[in-house]
Amino acid sequence: MAESIKGLKRTNYCGELRISDVDKTVTLFGWCRRQRDLGNLIFIDLRDRTGIIQLSFNDTTDREIFEKAQSVRAEYVVAAVGTVSERESKNSDIPTGDIEINVTEFRIISKSQTPPFEIEKADRVGDETTLKYRYLNLRNQKLTQNILMRHKIAKIAREYFYDNDFIEIETPMLIKSTPEGARDYVVPSRIHNGKFYALPQSPQIYKQLCMVAGFDRYIQLARCFRDEDLRADRQPEFTQIDLEMSFVDTDDIMEMAEGFIKKLMKETVDVDIPMPLPRMTFADAMEKYGSDKPDTRFDMLINDISDWGGKTDFVVFKNAVENGGSVKAIVAKNCAGVYTRKKIDKLTEYAKGIGAKGLAYIRWADAEPNCSFSKFLKDGELSSLLEELNAEQGDCVFIVSDKTGTALSVLGALRLVIAKELDIIPEGKWNYLWITEMPFFEQDEETGEWVAMHHPFTMPMEECIEYLDTDKGKVRAKAFDLVLNGIELSSGSMRITDCELQTKMFELLGMSQEEIDAKFGFLVEAYHYASPPHGGMGIGLDRLAMIICGASSLRDVTAFPKVQNASEPMSGAPSNIDDIQLEELGIDVTKAGAEDEQ
């Protein structure tokens, strides 16, 4: 029969005791990680959220207690009272490895069935099982520490922004559906039959209205919801460290965020990040790295060789340049021995899969370089290119010729693939970077139409407003992104506060006045009552935790994550609801399989 904890109060957590606590009497609670019965000696590794400690039972232990210890199995919940003692056989692999607890009182609080997998070896078990039994997987020390680190990041965020006079304001979770780039999750209203709430993709409009209301510094650890395809760094529900500030410009917001980053990195991983953080324009990031979220921990920058390529007789290069495109190249140093022809063929297939028409290359493994397009070159053209690129024997050069945007994005992706294959991305570096002067519009290559790159409340740079109607390609936004090691952590901007300009921006996005009034009328109306200049940003708490923990997926820092099809294997969400609920909501559902039954 399970025993009660009546009369016992925890004095310490398992992982916090040290050699300095020897002779101290302690009361501990936790789970049995492992029991080792050596006949006249029993050891139990007791685990809680802080770590593990060894419980010791020997021939001086009360027989009833000793027999209880003999019966304990993995994952039993137990309570132990005893004295901290120095271990004879120490374990340098754990912080508590110098000590053990000589148990004088012992209770079995709850017995466990044999778990479907060994907790400490959960990473060797498939996701289907570990996610179904997520509450067991969360007992794994690695996952436990990830969740605790996420908590610590949230705590540091609140402390920092509170200390800087920010006010935490909760914004609604049931809101009006307003377009923000992704599909909304919608919630039917029982009272307003046939109408729907949306779950917020972000608190964007509400935090702007907080600025109109006079709360000049807003902060919220905001839950956000987006119905979009999932990947390793995306979940349908996520948390933003969301902030907004009045009477500021972009520099003020970025400096405030930098103060948070400095405090965060020092208190989590004990790293001093030099301030101010480096900045790079969007145009430079794309030109050098082929990405608006460049990983700057390694070189291999993109080179523009269009002038050289356009003068050759190689029609692929010439046509790209003559049609307004580019010829771009990257140099992978010291990899000619790794990138065999077979491996380059695989790289070519990858490039084609992400939009390239092909991949030209130069592999300089021997005395003479092997060039895939050498027969189209005149004497001296290859050597002049290698000299221009500072390529040497042992290097490989990879070249893409296409529309400029395609060439840059393909080489940006190849740069990362090659760096990972060559294992040249250094560990332990924290390369934060601001991306600034973002384009306001981007042109759809298929239709030629200009579409907004940001939410419709983003302020254009003042000097660009005149081009809104005449030359959208020249319009840049007062927007900025924060990137860490090639992962976008945050987007921010100054907001439009002029009701006429805001209406114009909606119109440029193709909205009629009727649509503007229906979807955003309350925001435009608010600006008629005067608004301070304001801007803000949202820092992805989940992604930040993922990088700091060294995790490869948001699942590893999320307590109960969704899988790729947005379902949760443990609870079975989403699920059907009964006909009575559907009738109350006025919803008629065509259930799966209904057509087959007819």
Show the atom names and distances, to 0.1 Å, of all donor-acceptor pairs under 3.5 Å that link a side chain in residues 427-435 to residues at least two apart or in another chain.
{"unit_1": "Asn431", "atom_1": "ND2", "unit_2": "Thr296", "atom_2": "O", "d": "3.1"}
{"unit_1": "Asn431", "atom_1": "ND2", "unit_2": "Thr296", "atom_2": "OG1", "d": "3.0"}
{"unit_1": "Trp434", "atom_1": "NE1", "unit_2": "Glu258", "atom_2": "OE2", "d": "2.9"}

Modelled atom types, side-chain donor and acceptor of Gln220 and Thr171, under 3.5 Å: yes
Donor-acceptor pair between Thr239 and Arg223 side chains, under 3.5 angstrom: yes
Pairs where residues 133-145 contributes a residue and the test salt bridge (Lys or Arg N to Asp or Glu O under 4.0 Å) is met, not counting sequence neighbours: Glu75-Arg139
Between Asp242 and Tyr218: side-chain donor-acceptor atoms closer than 3.5 Å: yes
Side-chain donor or acceptor of Arg415 paired with backbone N/O of Met300 under 3.5 Å: yes
Note: Arg555-Asp127 ion pair, threshold 4.0 Å (strictly below): yes
SB check Glu237 Lys562 (cutoff 4.0 Å): yes
Electrostatic pair Glu421:Lys346 at N-O distance under 4.0 angstrom: no
Lys90 side chain vs Gly97 backbone, donor-acceptor pair below 3.5 Å: no
Residues in salt bridge (charged side-chain N to carboxylate O under 4.0 Å, His left out) contact with Arg87, at least two apart in sequence or another chain: none
Glu3 (side chain) donor-acceptor with Ile108 (main chain) under 3.5 angstrom: yes
Ring-face cation of Arg217 near Phe161 (centre distance under 6.0 Å, axis angle within 45°): no
Exam field: side chain Lys207 to backbone Ser202, donor-acceptor pair closer than 3.5 Å: no
